[in-house]
Structure formats: structure tokens, C-alpha cells
Amino acid sequence: MIWYPYEQMKTMKPPYEIVDAEGVYLYTEDGQEMIDSISSWWSVIHGYKHPALTKAIKEQADVFSHVMLGGLTHPAVQRLSDKLADWLPGDLDYCFFSDSGSVAVEVALKMALQFNVNRKDGRKTVLSLTHSYHGDTFKTMEVGDDEDYHFAFEEKQGVIHIPTKIPALEEAFEKYHEELNCFIVEPLLQGAGGMRMYGLDFLKRARQLCDQYDVLLIFDEVATGFGRTGYRFVADEVLPDILVLGKALTGGYIGHAVTVAGEKVYRGFYGDDPALALMHGPTFMGNALACSAALASIELFEGQDYMAKIHRITEIMRREMADFSNPKVKEVRIMGGCICLEVYDGAVLSGYQEFAAKRGVFARPFLKYLYAMPPYVISEEELVQVLSVMRAWFG
């Protein structure tokens, strides 16, 4: 029996059974056709059954699907590492691969902690944001501030949460800088915490304070990377010490993630003493199929000017929602390839998934948030359909 995520198994409604998918469409076993408005948890940026990604995986599978990176290496992981080092900004050159975004964030937090241990610095406290979400593993839940996960911790130890306000940021650094080993953020767009959006000025000030007080800055771009905020990576605008990528890294075709460190962090582990080494090793890190898919995905992103596609999505969202208002809706937020309608009462969204499905759109609102993060290959007509269904729900 399948144990489904985020569901009370006793009362859950039967999930839609998908028997095929192509482009932006999901096809159910009973013949229904739905636009996937959330890109399978924000990852399938090229749509389904893209021939370039399918070809890359098939060709690699004909050679081998996986070898461990412990004592071994292979061309696909070497090519991907070289490509990321060349493609990413600044000195973000050192790629540590893993099999999911949550694990990649765990690696980033472990790096930050051991970086300080290696230099005989006892700082162990993490600074994070209120309403943050960094994954479902235990340390990521601890540094996060998502209300769905509070039950796991009666009290969170060694973590300080602040709002995305510069005065709160400055106060936290002034008060706690001697304890902080890192500051971790979802840059510009906080996903599962409510699709909350904030500005670059906050991140620029964070970079200044991290430099001033010698604190590592971590960008969790698992959800925001590859254009979702309207920037290719927010790291292009403000350079972190550690960058975490996942989800769209492989175009959503296979699980894979990477924690990318800058020169300063990497050098903190480099030396003759074996005790300085990062003792971590996910079994499927650098998986050959995933690396091949990621390379093909990056080539599509570059070669087909995906940033122009994303900017067009933003324009259509703003145009279609410009005259929309409803007393049940607290705020409409648009950034890059994301739109969110926050309602005052989450009960208002009960039944929306079924409503949308009958109108050819798959959606999955949560708490008080009705949102869309469509694949970047969505056409204008398809995107207008998604937005029209959102508007229609409110009458």
C-alpha cells in the first residue's frame, strides 16, 4: 500500500491516477486532461516527455545507470560539475552532490558547522527566517519555521528566526553574531511557508553583515533556482558562500541536488589532516542518469532563452490579474514564474482542486494559499486557462 505525503490516509480523497504526461499536460486513467499548474512540486520546468531529456537518460542508461563516488568517478558527473562551476556566479565552483533538496540543505548546514569546527571556532547557532521551509529531514525542519512541522520540536535549539525586515536582521547580527555559524535563506521567495516574497535589499544587507561578522551565507535555491523568481539564480545578484540547488536541476526528471561551495568554504576542509574532510556521502550522489538529465536540462535552459520565457509568464500573470480583486482574497503576489493568491480563511479553498480539475487544470492549494508555478514551456493560451480558473473560483 502506498503511504501518500501530507495526507491523512483514513480520510484522503483518491488521487488522480496518471497514465501519461506530455508537455504541460497530465492524462488520467479515465481520459481526463489537465494542465499541471505546479510543475510537479515546481520541478518540471521543461514539461513532460521532453525528447532531449528522455534521450539523455536513455543514452546514459545504455552505458551504466549508477556508480558510487566513493573511490570512483565518471564522465557525466565530471561534465556536470565543470558546467556548474562555469555557469554559476563568482567562486561557486565546488559541487557536492546528493539525491534530494532536503539532503542538500543538510549538507550545507553540516558544511557551515564543520567549517567553524575546523577553524577551532565554537559557533553553532543558525540564523533563519520566519515562515521558512528547507525540507522534511530533521535538521531542515529545525532551521525551518513552517507551522506544519512544529510538532517535531517542542523547542528548537540553536536556531534564531527573524522576519524579512532589515532592522530585525541588523538587530540579530548585533545581538548574536558571536554565536552564528551561518544565515540560511530561501532568497526572495519563501515557498512552502506561504509563497512569501521580499526584496533584494534585505539580501544585500545580509551579505554585508555576514562579511562584517564572518558568518557564512547559505542560499537555499532548491525552489527558487533556474528562474523561478525572475532571476536565473538569486545568487547572480547577491553571492552566497554556499548555494543549494535541486528540483529543476534535472528538469524534474529524476531526483538529484547539489550543494555548491565557494572557495572560502572549500579551503576550510582542505589540508593534510584527514579530520578536516567532510564526512558525508549519499549513496546516489552524482548519479549518472541524474547528471545526464541535468546537463541536458541546462542546455535547454541556455539554448532556448528560458529567461525570456519566464519574463513572458510574469507579464501574462500581471496582465490577467491586473483587475482582479475579491473580499476573500488578502493579497495577489506575482514574482517570476510564480503567482499566489492568499486568502483570509483557508476554508475558502476547500474544493478548489476538484473545481480546477473539471476545468482542465491540476492544482494543489495549501493552507491559505492558492498558487501556480507552471512549466516554463506553457503557452499563453494554457497559462490564461490556469489563471482564468483561479479567478473563476472566486466568482
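Residues: numbered from 1 along the sequence shown. Keep in mind it's a predicted model, so treat the numbers as computed, not measured.
A cation-pi arrangement is present between Arg359 and Phe355, with the terminal nitrogen or guanidinium carbon under 6.0 Å from the aromatic centre and inside a 45° cone about the axis.
Taking a 6.0 Å sphere around CE of Met12, one finds it holds more than 12 heavy atoms contributed by other residues, nucleotides or ligands. No more than 12 heavy-atom neighbours from other residues, nucleotides or ligands sit within 6.0 angstrom of OH on Tyr270.
A salt bridge does not link Glu178 to Arg123: none of the charged nitrogens lies less than 4.0 Å from a carboxylate oxygen. The residues Glu315 and Arg319 are annotated as not salt-bridged, no charged nitrogen and carboxylate oxygen being separated by less than 4.0 angstrom. Taking a cutoff of 4.0 Å between a charged side-chain nitrogen and a carboxylate oxygen, Glu354 and Lys13 qualify as a salt bridge. Using a cut-off of 4.0 Å between Lys/Arg side-chain N and Asp/Glu carboxylate O, Asp201 and Lys165 are scored as not salt-bridged. Of the charged side-chain nitrogens involved, none lies within less than 4.0 Å of a carboxylate oxygen, so that Arg228 and Glu221 do not count as a salt-bridged pair. With salt bridges taken as basic N to acidic carboxylate O contacts below 4.0 Å, none links Glu179 and Lys124. Note on Asp62 versus Lys58: no salt bridge recorded, every NZ/NE/NH1/NH2 to OD/OE distance being 4.0 Å or above. Between Asp323 and Arg391 there is a salt bridge, since at least one side-chain N of the basic residue sits less than 4.0 Å from a carboxylate O of the acidic one. Under the 4.0 Å criterion applied to side-chain N and carboxylate O atoms, Asp214 and Lys264 are assigned as salt-bridge partners.
Looking only at atom types and distance, the side chain of Asp91 has no donor-acceptor partner in the side chain of Tyr94 under 3.5 Å away.
Put simply, the residue from Asp36, Ile339, Leu189 that forms a side chain to side chain contact (heavy atoms under 4.5 Å, CB included) with Met373 is Leu189. Of the candidates Leu53, Leu249, Leu289, Leu289 is the only one forming a side chain to side chain contact (heavy atoms under 4.5 Å, CB included) with Ile254.
Residue pairs that meet the side-chain hydrogen bond (donor to acceptor under 3.5 Å, both in side chains) test with at least one member in residues 101-114, sequence neighbours left out, are Glu106-Thr137, Lys110-His280. Every pair passing side-chain hydrogen bond (donor to acceptor under 3.5 Å, both in side chains) that includes a residue from residues 296-305 is listed here, sequence neighbours excluded: His46-Ser297, Lys83-Glu302, Trp87-Glu302. Applying the ring pair (Phe, Tyr, Trp, His ring centres under 6.0 Å) definition to pairs two or more places apart or across chains, those involving residues 311-347 are Phe324-Phe394. For residues 17-40, no residue pair satisfies the ring pair (Phe, Tyr, Trp, His ring centres under 6.0 Å) rule, not counting sequence neighbours.
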query = Does the pair Tyr4 and Met9 meet the rule for a side-chain contact (heavy atoms from CB on, under 4.5 Å), with working shown?
reply = CA-CA 7 Å; Tyr4 288 94; Met9 294 295 291; 4.0 Å; yes

request  = Check step by step if side-chain contact (heavy atoms from CB on, under 4.5 Å) holds for Val343 and Leu349.
outcome  = CA-CA 8 Å; Val343 299; Leu349 301 178; 4.0 Å; yes

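Listed for the Ser132 side chain is a donor-acceptor partner under 3.5 Å among the backbone atoms of Asp145.
Nearest heavy-atom pair, Ala296 versus Ala52, reported as atom, atom and distance to 0.1 Å: CB-O, 4.0 Å.
With a 4.5 Å cut-off on side-chain heavy atoms, Val185 and Asp220 do not count as touching.
Among residues two or more places apart in sequence or in another chain, the side-chain hydrogen bond (donor to acceptor under 3.5 Å, both in side chains) test is passed with Tyr253 by none. The side-chain hydrogen bond (donor to acceptor under 3.5 Å, both in side chains) search around Asp99 returns none, not counting sequence neighbours.
Ring geometry, Tyr213 versus Phe173: the interplanar angle falls under 30°, so the pair is classed parallel (tilted spans 30 to 60°).
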